[in-house]
K.L.:
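Just dropping this structure here.
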Amino acid sequence: MAAGAAVAGPDGRLRCPWALSTEDYVSYHDEEWGRPVHGDDALYERLSLEAFQSGLSWITILRRRPGFRAAFADFHIEKVAAFTDEDRDRLLADPGIIRNRSKIDATMANAKVLAEWAPGELDTLVWSHAPEPGTYPAPRTLADVLPVTPESTALSKALKKRGLRFIGPTTAYALMQACGLVNDHLETCVARRTR
């Protein structure tokens with residue numbers, strides 16, 4: 001078996017190897033990762049969580065996601081856009097999230113920017129950067145999964161140009177993977193065929 005190839009889980013089904021490191025990952029991999037996500041608030045949540053993940057493992061964010069949702073008003077753009085300096089102080093003291101000032105500030109600032117957009121505008125902008133089906137072959141191993149693509153670079157530039165922060169090309173690609181704009185489940189992974 002090639003290094004980084006799909007691995008059989010306890011149920012015998014092949015999965016991306018990262019998915020088998022914890023039970024939390026198995027569920028996230030099978031039920032969420034790579035499935036299409038639409039809606040401005042839902043995409044704002046994913047964008048925010050990907051920014052918080054920068055420099056950390058995804059499991060750290062995944063396990064704190066309930067805390068993030070509670071702290072950031074379920075990522076309702078309009079509600080977070082109304083956050084004040086007192087909210088920032090509350091967030092910086094909240095042990096249920098990652099207490100990184102620049103990431104908290106970016107999440108709050110991004111909500112203020114997005115609150116000015118028309119309904120559906122974030123969804124349209126993000127999904128306009130999805131590559132045409134078949135642009136990239138199905139990855140056979142983790143080594144075949146790209147960290148950045150021309151589409152993620154363009155998405156990052158488009159979001160930054162519109163005033164959003166903490167969204168580089170790598171974070172943009174992680175967003176594209178998580179939200180189903182690309183299908184980076186390995187070629188033989190069971191979730192590739194069920195997404």
K.L.:
So, are D105 and R165 salt-bridged, with charged N and O less than 4.0 Å apart?
P.N.:
no

K.L.:
Can you tell if the side chain of T60 reaches within under 4.5 Å of the side chain of F52, non-hydrogen atoms only?
P.N.:
no

K.L.:
Applying side-chain hydrogen bond (donor to acceptor under 3.5 Å, both in side chains) to D24 and T22, what does each step give before you reach the verdict?
P.N.:
CA-CA 5 Å; D24 294 329; T22 73; 4.7 Å; no

K.L.:
Is H129 close to S152 at the side-chain level, that is, under 4.5 Å between some pair of heavy atoms?
P.N.:
no

K.L.:
Should the pair E116-R162 be classified as a salt bridge under the 4.0 Å nitrogen-to-oxygen rule?
P.N.:
no

K.L.:
Does the side chain of T170 come within less than 4.5 Å of V148's, by heavy atoms?
P.N.:
yes

K.L.:
Find out whether F83 and L91 are in side-chain contact, i.e. whether some heavy atom of one side chain is under 4.5 Å from a heavy atom of the other.
P.N.:
yes

K.L.:
A side-chain contact here means heavy atoms from C-beta on lying under 4.5 Å apart; do Y136 and E151 qualify?
P.N.:
yes

K.L.:
Does T124 use its side chain to pair, donor to acceptor, with the backbone of G120 at less than 3.5 Å?
P.N.:
yes

K.L.:
Quick check: is I61 connected to I97 through a chain of hydrophobic side chains (ILVMFWY, heavy atoms under 4.5 Å apart)?
P.N.:
yes

K.L.:
Whether R99 and D94 form a salt bridge (side-chain N of Lys/Arg under 4.0 Å from carboxylate O of Asp/Glu) is what I want to check.
P.N.:
no

K.L.:
Report whether L56 and W58 are members of the same hydrophobic cluster (ILVMFWY, side-chain heavy atoms less than 4.5 Å apart, transitive linking).
P.N.:
yes

K.L.:
Treat each ILVMFWY residue as a node, draw an edge where side-chain heavy atoms are under 4.5 Å apart, and state whether L146 and L181 are in one component.
P.N.:
no

K.L.:
Going hydrophobic residue to hydrophobic residue with side-chain gaps under 4.5 angstrom, can you get from L14 over to V7?
P.N.:
no

K.L.:
Would you check if I167 and K160 make a side-chain contact, meaning some heavy-atom pair closer than 4.5 Å?
P.N.:
yes

K.L.:
Take atom CZ in R65; do more than 12 heavy atoms of anything else shown fall under 6.0 Å from it?
P.N.:
yes

K.L.:
Check for me, please, whether F166 and L155 land in the same ILVMFWY cluster - side-chain distances under 4.5 Å, paths through other members count.
P.N.:
no

K.L.:
Taking the side chain as C-beta and beyond, is there a heavy-atom pair between R140 and L186 under 4.5 Å?
P.N.:
no

K.L.:
Could you check whether any side-chain heavy atom of Y173 comes within less than 4.5 Å of a side-chain heavy atom of S156, counting everything from C-beta outward?
P.N.:
no

K.L.:
Determine the sole option in L175, V126, L43 for which the side-chain contact (heavy atoms from CB on, under 4.5 Å) test with V37 is passed.
P.N.:
L43

K.L.:
Quick check on the 6.0 Å ring-centre criterion: do Y28 and Y25 meet it?
P.N.:
no

